[in-house]
Visitor: 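Below you'll find the structure I mean.
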Amino acid sequence: MSIKLYNTMSRTQEEFKSIEDGKVSMYCCGPTVYNYAHIGNLRTYIFEDLLHRTLEHAGYKVDHVMNITDVGHLTGDGDDGEDKISKRAKETGKSVWDIARFYTDAFFRDEEHLNITRPGTVCKATDHIQDMIELIKKLEANGHTYVSGGNVYFSIDTIDDYGKLARLSLDDLKEGARIEVDSNKRNPKDFVLWFTNSKFKDQAMVWPSPWGVGYPGWHIECSAMSSRYLGDHFDIHCGGIDAIPVHHTNEIAQSEAASGKKPWVNYWCHGEFLLNDKGKMSKSTGEFLTLSVLEGKGYNALDYRYFCLSGHYRSQLKFSFEALDHAKSARESLVKRVAELKKSEAAAPGEKASSYRDQFFAAMENDLMAPQALAVLWSMLKDKEVSDGEKLSVLLEMDEILGLRLDEVKAADEGGSDIPDEIRALAEERTAAKKAKDFARADAIRAELKDKGYLIKDTPQGPVLERV
């Protein structure tokens, strides 16, 4: 069955056809590592993981590239403000390198807890400065740049289709309504490719370049790294919907101007916002939740993954703890059901079980309709005409996309526990330490368990272990 994806460029759902048979080239905008990822950010990475898994299940080999922005992303979406990582370093008294390393590690820890498939290529901006310089030199040779006030700018007037992704009408744009216009720009929508030290005299991360010592603009990073690993023309580019009007618009402009190839990317896929009571979840307003906060409240990271599966990636999703409680209950019910099913041997699906299987994958291949796919899953579980062995076999295949770690659930007659013996041994050691009033050791074991992905809760009935 063919895969259909909604393409932001055409504003229509299209049948997916890869450039190279059997292979998909996919680039996803990664995190800017100056703070923890909030759960709204993580929703985007869960959607991209569903896409990766769906493509793989359909038989494609996925060449998945994701960047780590560890320099150059400013506090504004355009060219205003200061480097977010430098700003964070000043606030904490740590080096910019320590800040980037700490939050990169935190991001991948969150991804591991959420069972998100790690991209085959993860590239840091600071490792690819020369690639960015070479791309700027190519743009310069093609007549798309100018130097003003010490900075190198991309001139949008040198191309005839700027803003096509966002469908911007340049005549209608009222620049300056949100940010102060950069007086160095010939056109208010021009953007910086390279900042020299004329921008920030005390910038911590700087490199030599043909235009002076400085650092790259935010947008050039993704163009340089995607072309380095995927070439000048690739299949899919993903990100959050907020990247459309500025970041992805500028990526397209500079990438197509450099290579002369159009289109640069065939399919643009964007995830919608996660909302809270005050609207869009955002780091800039301070109104955001992290995965570790949810885990600290007793939720499993996979409860949040299940919550995200309950909404389509292109629809805004309203977060509340009541909704998360419903997702937690549903996931735990599913785990218990799988534990019961594992008393039986997995069996080849018959006609009816195969029908459920086909419906599930048809939903996922239809622009990742995860809520519809979950509904099919629960219908199969309730169907008495499908044997437990068949249900188990189909469920485990469904979970290759859902990513809820159902394969790790043990059979109910084995205690229904997926907690390894070594983890249980640590928990027992902690109990013994508490009885001996060695509270320092007990606290150390609790911290060690958390690092290993387990939360221990003290209850009137005794300590309870949960995977986080």
Side-chain angles (χ1 to χ4, degrees), residues 5-9 11-13 27-52 66-67 69 73-78 81 84 103 107 110-111 114 116 163 165-168 177-179 218-219 222 236-251 267-294 299 301 303-327 367-372 374:
L5 295 176
Y6 183 86
N7 190 348
T8 304
M9 184 65 79
R11 302 298 196 274
T12 61
Q13 188 168 295
Y27 184 86
C28 297
C29 287
T32 302
V33 285
Y34 71 99
N35 203 339
Y36 294 105
H38 62 62
I39 59 173
N41 302 141
L42 294 172
R43 184 194 181 198
T44 299
Y45 298 113
I46 291 171
F47 129 62
E48 293 164 353
D49 185 48
L50 290 178
L51 177 56
H52 182 144
M66 184 183 74
N67 70 298
T69 298
H73 188 170
L74 303 181
T75 51
D77 286 339
K84 290 181 176 181
Y103 288 112
F107 172 76
D110 284 348
E111 285 221 318
L114 287 164
I116 292 174
L165 179 69
R167 301 194 173 181
L168 299 175
R178 189 172 61 84
I179 63 173
W218 170 33
H219 313 297
C222 285
I236 301 172
H237 195 311
C238 296
I241 198 168
D242 52 338
I244 295 172
V246 180
H247 183 47
H248 288 170
T249 286
N250 290 347
E251 276 190 73
Y267 301 86
W268 287 88
C269 300
H270 292 94
E272 256 287 3
F273 292 133
L274 181 74
L275 306 178
N276 57 20
D277 291 337
K278 297 183 180 180
K280 172 195 169 187
M281 201 166 286
S282 169
K283 291 178 190 174
S284 61
T285 63
E287 299 293 337
F288 70 91
L289 286 168
T290 63
L291 188 66
S292 61
V293 169
L294 300 187
Y299 295 98
D303 296 334
Y304 180 66
R305 185 178 177 104
Y306 192 101
F307 167 76
C308 290
L309 294 172
S310 69
H312 188 251
Y313 78 95
R314 284 195 295 109
S315 297
Q316 292 185 348
L317 186 61
K318 179 72 176 290
F319 176 85
S320 69
F321 282 102
E322 181 181 6
L324 186 59
D325 285 337
H326 287 308
D367 197 33
L368 310 181
M369 292 292 182
Q372 184 180 338
L374 279 178

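The first residue in the sequence is number 1, and the count goes up from there.
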Visitor: Suppose we screen for salt bridge (Lys or Arg N to Asp or Glu O under 4.0 Å). Which residues come up paired with D367, at least two apart in sequence or across chains?
Guide: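 Checked D367 against salt bridge (Lys or Arg N to Asp or Glu O under 4.0 Å); matches are R314.
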Visitor: Rounded to the nearest 0.5 Å, what separation is found between the CZ atom of F307 and the CG atom of L294?
Guide: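 Taking CZ in F307 and CG in L294, the distance rounds to 10.0 Å.
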Visitor: Just jot down the side-chain contact (heavy atoms from CB on, under 4.5 Å) partners of I244, sequence neighbours excluded, or say none.
Guide: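 Expected list: T8, L165, A166, I241, H270.
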Visitor: Check ring pair (Phe, Tyr, Trp, His ring centres under 6.0 Å) between H312 and all other residues, then give those that pass, not counting sequence neighbours.
Guide: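 H312 satisfies ring pair (Phe, Tyr, Trp, His ring centres under 6.0 Å) with no residue once adjacent residues are dropped.
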Visitor: What are the two closest heavy atoms between C29 and C222, and how far apart are they?
Guide: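 C29 and C222 have their closest heavy atoms at SG-SG, 4.0 Å.
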Visitor: Sequence neighbours left out, what passes side chain to side chain donor-acceptor pair (under 3.5 Å) with Y103? Give chain and number order.
Guide: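 Y103: side chain to side chain donor-acceptor pair (under 3.5 Å) contacts with R88.
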Visitor: How would you list, by chain and number, every residue that makes a ring pair (Phe, Tyr, Trp, His ring centres under 6.0 Å) with F107, sequence neighbours excluded?
Guide: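 Checked F107 against ring pair (Phe, Tyr, Trp, His ring centres under 6.0 Å); matches are Y45.
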Visitor: Might you work through the side chain to side chain contact (heavy atoms under 4.5 Å, CB included) test for L289 and Y304, ending with a clear yes or no?
Guide: CA-CA 12 Å; L289 286 168; Y304 180 66; over 6 Å; no
Visitor: Listed by chain and number, what are the side-chain contact (heavy atoms from CB on, under 4.5 Å) partners of L374, not counting sequence neighbours?
Guide: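 For L374 the side-chain contact (heavy atoms from CB on, under 4.5 Å) partners, ignoring immediate neighbours, are Y306, L309, L402.
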Visitor: Taking atom CE of M66 and atom CD of E111, what is their separation to the nearest 0.5 Å?
Guide: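 Answer rounded to 0.5 Å: 5.0 Å.
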Visitor: Using side-chain contact (heavy atoms from CB on, under 4.5 Å) as the criterion, list what pairs up with T12, not counting sequence neighbours.
Guide: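 T12 satisfies side-chain contact (heavy atoms from CB on, under 4.5 Å) with S10, E14 once adjacent residues are dropped.
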Visitor: Atom SG in C308, atom CG in L50: separation rounded to 0.5 Å?
Guide: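 Those atoms lie 9.0 Å apart.
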Visitor: In Å and rounded to the nearest 0.5 Å, what is the CZ to CZ distance from F273 to R43?
Guide: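 The distance works out to 10.5 Å.
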Visitor: Could you pull out the closest heavy-atom pair between H248 and G239, with the gap in Å?
Guide: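 Closest heavy-atom pair between H248 and G239: CE1-CA, 4.1 Å.
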Visitor: CD/Q13 to CG/L5 distance, rounded to the nearest 0.5 angstrom?
Guide: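 Answer for the CD-CG pair, Q13 versus L5, is 7.5 Å.
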Visitor: Closest approach of H219 and H247, non-hydrogen atoms and distance?
Guide: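 It is ND1-ND1, 3.0 Å.
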Visitor: Could you list the donor-acceptor pairs under 3.5 angstrom formed between side-chain atoms of residues 317-326 and any protein atom two or more places apart in sequence or on another chain?
Guide:
residue: S320; atom: OG; partner: A323; partner atom: N; Å: 3.0
residue: D325; atom: OD1; partner: Y299; partner atom: OH; Å: 2.6

Visitor: C238: which residues meet the side-chain contact (heavy atoms from CB on, under 4.5 Å) condition with it, sequence neighbours left out?
Guide: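 Result, side-chain contact (heavy atoms from CB on, under 4.5 Å) vs C238: M26, C28, F47, E48, L51, I236, C269.
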Visitor: Rounded to the nearest 0.5 Å, how far apart are CD1 of I46 and CD1 of I116?
Guide: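 That separation rounds to 5.0 Å.
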Visitor: Just to verify, what does N67 make a side chain to side chain donor-acceptor pair (under 3.5 Å) with, not counting sequence neighbours?
Guide: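 Scan of N67 (side chain to side chain donor-acceptor pair (under 3.5 Å), adjacent residues dropped) gives Y27, T69.
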Visitor: Just to verify, what does D49 make a salt bridge (Lys or Arg N to Asp or Glu O under 4.0 Å) with, not counting sequence neighbours?
Guide: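 Per chain and number, D49 pairs via salt bridge (Lys or Arg N to Asp or Glu O under 4.0 Å) with R53, R305.
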Visitor: List the atom of P245, the atom of L168, and the distance in Å for their closest heavy-atom pair.
Guide: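 In terms of heavy atoms, the two residues are closest at O-CD1, 3.9 Å.
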Visitor: List in chain and number order the residues that pass salt bridge (Lys or Arg N to Asp or Glu O under 4.0 Å) with R167, two or more places apart in sequence or in another chain; answer none if no residue qualifies.
Guide: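 Salt bridge (Lys or Arg N to Asp or Glu O under 4.0 Å) list for R167, sorted by chain: empty.
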